[in-house]
**Q** 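Before we start, here is the structure in question, set down as structure tokens.
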Amino acid sequence: MTGSLQRYFSAGVLAIWGIMLGYFVISGRLASYLHPSFHIWTAVSAVVLVLLAAGLLFLPEHEDLECESCCDHLHDQRTPVRSGVTAAILVLPIVLAASISPDQFGAVTVNNRGYIETINDLPSYRPYVEPALPQSDDSQPSSAKEDDTSYISKNAAGQIKAQTIDLLYAAEEPGIRADFEGKEVEVIGQFMPGRENSTQKDRFNLVRMFIICCAADARPVAITVQTDEPHGVPEMSWIKVTGTASFPIESGRRVPLLVANSVTPCDPPEETFVY
Amino acid sequence: MENPWFTFSLPDFSYAFLSVLLEGVPFILIGTLLSGIIDEFLPSRVMVRFLPRNAFLGICLSGAMGLVFPMCECGVVPVIRRLINKGLPVSNAIAYMLSAPIVNPIVLVSTYVAFRGQSPLEFTLSRLGVGYLVAVIVALAVHHLPQHLILRRGVFSEVSTSSKTSGAERLSVRIGNALRVAVADFLDVMVFFVLGVMVSALFSTSLNQELIMPLALNDWIATFSLMVFAGILSLCSTSDAFIAATLISFPYVAKLAFLVFGPMFDLKLLFIYGAVFRKRFVAGLGVGLFLLIGMICVRLRILGL
């Protein structure tokens, strides 16, 4: 392959990568793949790759320059076959994957990774630390004066808007449990049927994916929902469950159990992951 | 085990594949831009002048370079390729390559945070210590090997023939040269990265992870099986501690092996290393690291860890 063709080939591959990355950023699909702290890196990379592609096209060809002792890599001439294979590896997988990917995991990976059903199994979970005792003049420490229920928000019907992860915390920590136990809550998540060998056929799992960096490290965080009504929704589709939060002790440990009043399909939330 | 040990889903595979690509590309880009700058602006042999004459001290110093120049495991490969090209001894480059993803301030902080409540200082220091020790031991082991047995032919010829002295060239021309090198390195490394991510995405989505849970009962089995798990998952070294911290049922030394082996050798690195090293060397490196880290971690049990 000649130097010019090599240049166009490299610039083309860089441009495609830059455009693909830019597409994920601009379309908002990136939020389904990466933790927000990584988004800026992807955006900057998209711009840099496009600029590199343009730079390659507009910089003078290396062969035109005066060069007394060139190094080998600048004259690395690939054969057309090798360039074709390289292009195929660099371009086809990302384009095909972008067109196939549903922007979320399906039931296969969720089942393979297994559910996080207790908060102790959650990456980054830290056990609750008791607040400081009252001071000698009977005044409360500053942290104790804060409104402990300030993190709770409610929907128009007065039900607490909770996440699966909140109910896992509540099962472990009595202080938080008191905020939810016996109260009406609304939880949005993804539907997964109960285990096939379970004797309790009126139960299913409500799942949210917890990530640290990207979807590749995602772990499904699940609570159990109990309902008599047939719901008939496909696996991993988004549903809104309203019902009463309870925390019974089952198999020797306290678990969150949402006794549902209604189960309805809904759109994915703005943030599909929990962090 | 309710589910089969292996179940493939093309949409899930595509999703995991894309997520690692989107996360990893910026860091490879940083590494390759740096490699272009090193190639064009770092005078040949300057590395050698700054390193101690004693090979052992040089390797020890290279193993600690990550504290000053932190790099992730993907970005460090194109950088060491250019450093070798600039005269850095291969053994020193390998010491830096293996240690930089562990012996670096970002990873130390993330390890400490991930293990809060589980002896975080002990975990962080033992990860730092074992990571550094393994990098230095491997570098010393390859120190006497001839370069042609370690480096790919193209890389080797660059080392032996490169004598570019472009100090008199205009800055714009030199920037152009740096960009060309960066682009060439980016495309080379990305080919291996894409292949590696494909393999790791296949296993991380298709393999039933319940398989590893019964392995936690024995120190030896737990340690070596968690290293295999780390190799399959191909996690970034800044985030792997958060996953390791959740493996509560596994012994301390097994989690340590997971945290040291993963950043040094995993499925994506198996392919990325191929951009610089000979296949036989990469295979030997993988087996050597697996055995060395496993033996060190299991022996640490004697110290009561």
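Naming: A, B, ... by sequence-line order, numbering from 1 per chain.
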**Q** Which residue out of B/V191, B/V194, B/L18, B/L29 racks up the most heavy-atom pairs below 4.5 Å with chain A?
**A** B/L18

**Q** Taking CD1 in A/I40 as the centre, count heavy atoms belonging to other residues, nucleotides or ligands within less than 6.0 Å. Is the count above 12?
**A** no

**Q** Is B/R180 reaching over with its side chain to a backbone N or O of A/R7, donor-acceptor style, under 3.5 angstrom?
**A** no

**Q** Could you tell me which portion of B/I30 (side chain, backbone, both or neither) has an atom closer than 4.5 angstrom to a non-hydrogen atom of chain A?
**A** side chain

**Q** Between A/V13, A/I94, A/V44, which shows the greatest number of heavy-atom pairs under 4.5 Å with chain B?
**A** A/I94

**Q** Locate the shortest heavy-atom distance separating A/L90 from B/L187; write the atom from each residue and the value.
**A** CD1-CD2, 3.8 Å

**Q** Using a cut-off of under 4.5 Å on heavy-atom pairs, state which of A/L49, A/V110, A/I116, A/V85 scores highest against chain B.
**A** A/L49

**Q** Can you name the side chain to side chain contact (heavy atoms under 4.5 Å, CB included) partners of A/Y23, sequence neighbours left out?
**A** A/S27, A/R29

**Q** Compare all side-chain heavy atoms of A/L21 with those of B/V25 and state whether any distance is below 4.5 angstrom.
**A** yes

**Q** On a heavy-atom basis, which atom in B/E23 and which in A/C214 lie closest, and how many Å separate them?
**A** OE1-SG, 3.3 Å

**Q** Looking only at heavy atoms and a cut-off of under 4.5 Å, which of A/G114, A/A218, A/A11, A/S45 has the most pairs with chain B?
**A** A/S45

**Q** Working to the nearest 0.5 angstrom, can you tell me the gap between B/M198 CE and A/I89 CD1?
**A** 7.5 Å

**Q** Counting heavy-atom pairs closer than 4.5 Å to chain A, which one of B/L207, B/L233, B/L179 comes out on top?
**A** B/L207

**Q** Can you sort out the partners of A/R219 under salt bridge (charged side-chain N to carboxylate O under 4.0 Å, His left out), two or more places apart, ordered by chain and number?
**A** none

**Q** Can you check whether A/A216's main-chain N or O pairs, donor with acceptor, with B/S19's side chain at less than 3.5 Å?
**A** yes

**Q** Which atoms form the tightest heavy-atom contact between A/N112 and B/S206, and what is the distance?
**A** ND2-O, 3.1 Å

**Q** For a 4.5 angstrom cut-off between non-hydrogen side-chain atoms, does B/L33 reach A/L52?
**A** yes

**Q** For B/T205 and A/V108, run side-chain contact (heavy atoms from CB on, under 4.5 Å): C-alpha distance rounded to whole Å, both residues' side-chain angles, the deciding distance at 0.1 Å, then the answer.
**A** CA-CA 8 Å; B/T205 56; A/V108 167; over 6 Å; no

**Q** Please check if atom CH2 in A/W238 has more than 12 non-hydrogen atoms from other residues, nucleotides or ligands closer than 6.0 Å.
**A** yes

**Q** Please find the pair of heavy atoms, one from A/L34 and one from B/L22, that lie closest to each other, and give the distance.
**A** CD1-O, 3.9 Å

**Q** Quick one: which residue pairs count as a ring-ring contact (aromatic ring centres under 6.0 Å, His included) with a foot in residues 174-209 of chain B, not counting sequence neighbours?
**A** none

**Q** Heavy atom to heavy atom, less than 4.5 Å: which residues from residues 96-107 of chain A reach chain B?
**A** A/A97, A/A98, A/I100, A/S101, A/P102, A/D103, A/Q104, A/F105, A/G106

**Q** Check whether B/Y15 reaches the backbone of A/S32 with its side chain - one donor and one acceptor, N or O, closer than 3.5 Å.
**A** yes

